Amino acid sequence: MALIVQKFGGTSVGSVERIEQVAAKVKKFRDNGDDIVVVVSAMSGETNRLIDLARQISDQPVPRELDVMVSTGEQVTIALLAMALIKVDVPAVSYTGNQVRIHTDSAHGKARILQIDAQNIRRDLEAGRVVVVAGFQGVDDQGNITTLGRGGSDTTGVALAAALKADECQIYTDVDGVYTTDPRVVAKAQRLDRITFEEMLEMASLGSKVLQIRAVEFAGKYSVPLRVLHSFQEGPGTLITLDEEDSMEQPIISGIAFNRDEAKLTIRGVPDTPGVAFKILGPISSANVEVDMIVQNVAHDNTTDFTFTVHRNDYQNGLQILESTAREIGAREVIGDTDIAKVSIVGVGMRSHAGVASRMFEALAKENINIQMISTSEIKVSVVIEEKYLELAVRALHTAFELDAPAGTAE
Ligand code: ADP
Ligand code: ASP
Ligand code: MG
């Protein structure tokens, strides 16, 4: 008998029929003798609908109140799923994050889980009940409702699995595992049987939305066996593993991630003196704007150009700050660009292979795609390109690194 935490995402609980299908699935596991804790998201589209409602009142809704509201999406699905389970004779009980208690810090909209009281859940499991927990939410030490950031139900699932020392955390979604890249963008993407935590962490932080970054961090930190599976199709899914198997057998690249969430800011004609990077980025970081990639050009005529990327939501703010810095330090001009995208190749196999980056650049050059910025780490190479070439770039790289599914097997 195993203790399993199962998380079902928004599409998987997107209608009453689907919720009943989820109940039938949970019942099967339980009939097998397993103890089950289910974490659910809001019905698909619901979180967006709630956020839109708030935006009709204000562009920047008060974070505490926004959390009170968006957390209701999950409250609806836990109750519906518990009802559906009881209807098929499975004793079940639902809990909000507050009721469990899932303790978080007070960072509304991006709260971190600090600790989970699992007594209620253990007691219910012992009494033979299936426990249904609302994803994405918690409570701070003042009793305020908090939420964990978009995609946060994944993190609730993994954190509960860690707290309960579950045998496995299963993330059920609308694809049958983690693919070499988003299968909705590249038809020839292939499901991976396994991927390491390290690679999954890079994929998630570089834009693959299949798992929330914090969920992967948590699972790695607490060694939670984690698997991504399709909600309604049988299959082995993808196991996220701790061990790197024999790296000779590893493909060089495991996956390709991309995102359209960034924007580029450039300050030109900056007097090239010591401390200039700090003068430019200091005010940006003081305004809590996170910087991702940074490039400083070689000085020419004692002036230089300095470019960096920020989240698109921070673009306007970043632009204003940079314009005032430019006046202060006597730079020539500030330019910005939101039509960019970042494409990254990820793989632990890179450690033992040289020339991976140049192979990437060659593939992009063949498609005449201009690279604007580059950044590398031990297991990834990222480039910034013009947004309109994003899909072409991802497909070209998928082919160049031999990730395409053999003809006839693509879904
Ligand atoms: P859920 O609502 O179940 O949490 P998400 O939409 O958050 O589902 O995540 C699943 C989606 O992630 C898939 O529909 C797919 O389009 C996208 N995705 C992006 N990159 C990948 C990848 N490498 N492998 C699988 N799915 C991916
Ligand atoms: N409902 C939340 C969202 O849409 C959390 C989740 O689905 O994981 O982001
Ligand atoms: Mg998700």
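This structure is a prediction, so every number in the text was calculated from the model and none was measured.
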Q: Just to verify, what does A107 make a side chain to side chain contact (heavy atoms under 4.5 Å, CB included) with, not counting sequence neighbours?
A: D105, K110
Q: Minimum heavy-atom separation for I19 to A84, with atom names?
A: CG2-CB, 4.1 Å
Q: Distance from L66 atom CG to T147 atom OG1, nearest 0.5 Å?
A: 7.0 Å
Q: Quick one: are V158 and L226 in side-chain contact, heavy atoms under 4.5 Å?
A: yes
Q: Quick check: do V26 and F29 have side-chain heavy atoms less than 4.5 Å from each other?
A: no
Q: How many angstroms lie between CE in M69 and CD1 in I51, if you round to the nearest 0.5 Å?
A: 7.5 Å
Q: Heavy-atom distance under 4.5 Å between the side chains of T304 and Q296, does that happen here?
A: yes
Q: Check the pair D117, Q115 against side chain to side chain donor-acceptor pair (under 3.5 Å), reporting the backbone distance first and the verdict last.
A: CA-CA 7 Å; D117 296 340; Q115 191 237 325; 3.0 Å; yes
Q: Which heavy atom in L392 sits nearest to a heavy atom in E367, and how many Å separate them?
A: CD1-OE1, 3.7 Å
Q: After noting the C-alpha distance and the side-chain angles of I371 and V384, does the key distance pass the side chain to side chain contact (heavy atoms under 4.5 Å, CB included) rule?
A: CA-CA 6 Å; I371 299 171; V384 168; over 6 Å; no
Q: Judged by atom type as modelled, is there a donor-acceptor pair below 3.5 Å linking the side chain of N120 to the main-chain atoms of Q99?
A: yes
Q: Just checking, any donor-acceptor pair under 3.5 angstrom between side chains of T11 and S44?
A: no
Q: Above 12 or not: heavy atoms from other molecules or residues under 6.0 Å from CG of D59?
A: no
Q: Heavy atoms only: give me the nearest M200-V210 pair and the separation to one decimal.
A: CE-CG1, 3.8 Å
Q: Between S94 and A82, is there a donor-acceptor pair closer than 3.5 Å when you use the side chain of the first and the backbone of the second?
A: no
Q: List the steps and the verdict of side chain to side chain contact (heavy atoms under 4.5 Å, CB included) for V5 and Q170.
A: CA-CA 6 Å; V5 175; Q170 303 174 340; over 6 Å; no
Q: If you measure from the Lys or Arg side-chain nitrogens to the Asp or Glu carboxylate oxygens, is any gap between K7 and D154 under 4.0 Å?
A: yes
Q: How are the rings of F8 and Y172 set to each other: parallel, tilted or perpendicular (split at 30° and 60°)?
A: parallel
Q: For the pair R312 (side chain) and T338 (backbone), establish whether a donor and an acceptor sit closer than 3.5 Å, ignoring hydrogens and angles.
A: yes
Q: Checking the side chain of S208 only, and the main-chain atoms of A204 only, is there a donor and an acceptor separated by less than 3.5 Å?
A: no
Q: If I take atom CZ from residue R351 and atom CD1 from residue I252, how far apart are they, to the nearest 0.5 angstrom?
A: 14.0 Å
Q: How far apart are the closest heavy atoms of A357 and V381, and which atoms are they?
A: CB-CG2, 4.2 Å
Q: What pair of heavy atoms forms the shortest contact from A161 to V224, and how long is it?
A: CB-CG1, 3.7 Å
Q: Got a sec, which pairs hit salt bridge (Lys or Arg N to Asp or Glu O under 4.0 Å) with one end in residues 163-172, sequence neighbours left out?
A: E168-R227
Q: For a quick test of reading the model, state the closest non-hydrogen atom pair linking A287 to I321 and the distance between them.
A: CB-CD1, 3.4 Å
Q: So how far is it from L85 CG to L80 CG, rounded to the nearest 0.5 Å?
A: 11.0 Å
Q: Just wondering, are more than 12 heavy atoms of other shown residues or ligands nearer than 6.0 Å to CZ in R55?
A: no
Q: Within a strict 4.5 Å, meaning less than it, do heavy atoms of the D193 and T238 side chains meet?
A: no
Q: Looking at CZ of F306 and CD1 of I329, how far apart are the two atoms once the value is rounded to the nearest 0.5 Å?
A: 9.5 Å
Q: Taking side chain as C-beta onward, heavy atoms only, is T196 less than 4.5 Å from I240?
A: no
Q: Regarding E46 and N48, do their side chains bring together a donor and an acceptor under 3.5 Å, going by distance alone?
A: no
Q: Would you say that more than 12 heavy atoms from the other residues, nucleotides or ligands in this model lie under 6.0 Å from the CG of D31, or not?
A: yes
Q: Does the side chain of N98 come under 3.5 Å of the side chain of Y95 through a donor N or O and an acceptor N or O?
A: no
Q: Hey, could you give me each pair passing salt bridge (Lys or Arg N to Asp or Glu O under 4.0 Å) that has a residue in residues 232-241? Not counting sequence neighbours.
A: none
Q: Within the 3.5 Å criterion, strictly below it, is a donor on T96 or Q75 matched to an acceptor on the partner's side chain?
A: no
Q: May I have the step-by-step check of side chain to side chain contact (heavy atoms under 4.5 Å, CB included) for E74 and V40, ending in yes or no?
A: CA-CA 7 Å; E74 273 71 11; V40 282; 5.8 Å; no
Q: Rounded to the nearest 0.5 Å, how far apart are CG of L125 and CG of D34?
A: 11.5 Å
Q: Side chain to side chain donor-acceptor pair (under 3.5 Å) for T399 and D404? Distances and angles first, verdict last.
A: CA-CA 6 Å; T399 305; D404 289 351; 2.8 Å; yes
Q: Does the pair R214/E217 count as a salt bridge with the N-to-O cut at 4.0 Å?
A: no
Q: Taking side chain as C-beta onward, heavy atoms only, is L164 less than 4.5 Å from V37?
A: yes
Q: Would S205 and I213 satisfy side chain to side chain contact (heavy atoms under 4.5 Å, CB included), going step by step from the backbone distance to the final call?
A: CA-CA 6 Å; S205 62; I213 306 169; 3.8 Å; yes
Q: Determine, for D174 against R184, whether the closest basic-nitrogen to carboxylate-oxygen distance falls under 4.0 angstrom.
A: yes
Q: For residues 255-282, which residue pairs pass the salt bridge (Lys or Arg N to Asp or Glu O under 4.0 Å) check, not counting sequence neighbours?
A: K209-D261, R260-E387, R260-E391, E262-K342, R268-D305, R268-E333
Q: Counting N and O atoms only, with roles assigned by atom type, does the side chain of T104 sit under 3.5 Å from a partner on the main chain of G138, one being a donor and the other an acceptor?
A: no
Q: Can you sort out the partners of F361 under ring-ring contact (aromatic ring centres under 6.0 Å, His included), two or more places apart, ordered by chain and number?
A: none
Q: Give a yes-or-no answer on whether the side chains of H108 and N144 include a donor-acceptor pair shorter than 3.5 Å.
A: no
Q: Under the 3.5 angstrom rule, does the side chain of T303 hit a backbone N or O of G269 as a donor-acceptor pair?
A: no
Q: Under the 3.5 angstrom rule, does the side chain of E199 hit a backbone N or O of V348 as a donor-acceptor pair?
A: yes
Q: Could you list the residues that satisfy side chain to side chain contact (heavy atoms under 4.5 Å, CB included) with T180, not counting sequence neighbours?
A: A189, Q190, L192, H398, L403
Q: Can you find a heavy atom in the side chain of V343 that is under 4.5 Å from one in the side chain of I256?
A: yes
Q: Please examine the side chains of R101 and V139, heavy atoms only from C-beta on, and report whether any two atoms are closer than 4.5 Å.
A: yes
